There are 2 protein chains.
Amino acid sequence: MSSDLRFGPDDDIDHEGPVTPYRQLAAILTARIARGDWGPNRPIPSEQRLVQEYGLARSTVRRSIRLLVEEGTVFVVPQRGTFVSPR
Amino acid sequence: MSSDLRFGPDDDIDHEGPVTPYRQLAAILTARIARGDWGPNRPIPSEQRLVQEYGLARSTVRRSIRLLVEEGTVFVVPQRGTFVSPR
DNA sequence: ATTAATTTGTTCGTATGTATC
DNA sequence: TGATACATACGAACAAATTAA
């Protein structure tokens, strides 16, 4: 395998495709949460970690997290981290 | 029971959760006071004891006590200890 | 009277997160 | 992109006062 930290071979961001990178990342994270990589009230990787893992700008990562928050998938605690929503 | 010195099985500090450790400890101590572990004008465990019991840094324990003082739950007497507020 | 142990007070440095500009 | 700000957490060291031996 290429890396233990990656979801799979299909989780690379396609910067040229029709789906925006931030939506691609949101889909990846949603899938990883559904898969159980991180349980309820557990922290997902920090923004910096996601920047490194997916080669995206931090602003893009934050845009992605904002989408997940709006969807109720995760919630952010200032100065603490981003966590998987319960239920 | 796992220990006579512990409040219960749910009083372990979660260092990864959304709630900061110092707030978790404050909640635990507040519950123990409400339960009557220590009455009015009685000393709660020393900072060092709390450090040992909950596996936290002393600075974190102090941050927690500071919160309880601000809430009026306890009061501190330098070189003496921290006591449960009357009433 | 001395010494040692205990307990809170204070400060510094390092690290990790998110927030903001 | 980059820099700075805030809040939190850990570790360490030392001071000051009290208490116990």
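Only a predicted model underlies this, so the values are computations on that prediction, with no experimental measurement involved.
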Visitor: Is B:Ile13 close to B:Ile28 at the side-chain level, that is, under 4.5 Å between some pair of heavy atoms?
Guide: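 Yes, side chains in contact.
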Visitor: What are the 5'-most and 3'-most nucleotides of DNA chain C lying under 4.0 Å from any heavy atom of chain A?
Guide: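 It runs C:dG17 to C:dT20.
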Visitor: Any base atoms under 4.0 Å from B:Arg80, or only sugar-phosphate, or nothing? Heavy atoms, all strands.
Guide: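 Counting heavy atoms under 4.0 Å across all strands, the contact made by B:Arg80 is with sugar-phosphate only.
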Visitor: Looking at D:dT8, D:dA3, D:dT19, which one has an atom nearest to any side-chain atom of B:Arg63?
Guide: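 That would be D:dT8.
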Visitor: Can you measure A:Glu47 atom CD to D:dA3 atom P for me and round it to whole angstrom units?
Guide: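 Value for this atom pair: 18 Å.
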Visitor: Tell me, do A:Ile44 and A:Val84 make a side-chain contact under 4.5 Å, heavy atoms counted?
Guide: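 The answer is yes; the side chains approach within 4.5 Å.
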Visitor: Answer yes or no: does a side-chain N or O of B:His15 lie under 4.0 Å from OP1 or OP2 of D:dC10?
Guide: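 Result: yes.
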Visitor: Send over the distance from B:Gln24 CD to D:dA7 P, rounded to a whole Å.
Guide: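 After rounding, the gap between these two atoms is 20 Å.
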Visitor: From CG of B:Leu50 over to C1' of D:dC10, roughly how many Å is that when rounded to an integer?
Guide: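 Distance check: B:Leu50 CG to D:dC10 C1' gives 16 Å.
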Visitor: So, taking the atom named CZ in B:Arg87 and the one named CG in B:Asn41, what distance separates them when rounded to the nearest 0.5 Å?
Guide: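 Reported to 0.5 Å precision, the distance equals 10.0 Å.
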Visitor: Round to the nearest Å and state the distance from B:Tyr54 atom OH to D:dC10 atom P.
Guide: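 In whole Å, D:dC10 P lies 15 Å from B:Tyr54 OH.
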Visitor: With a 4.5 Å limit on heavy-atom distance, are the side chains of B:Leu50 and B:Leu29 in contact?
Guide: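 Yes, their side chains come closer than 4.5 Å.
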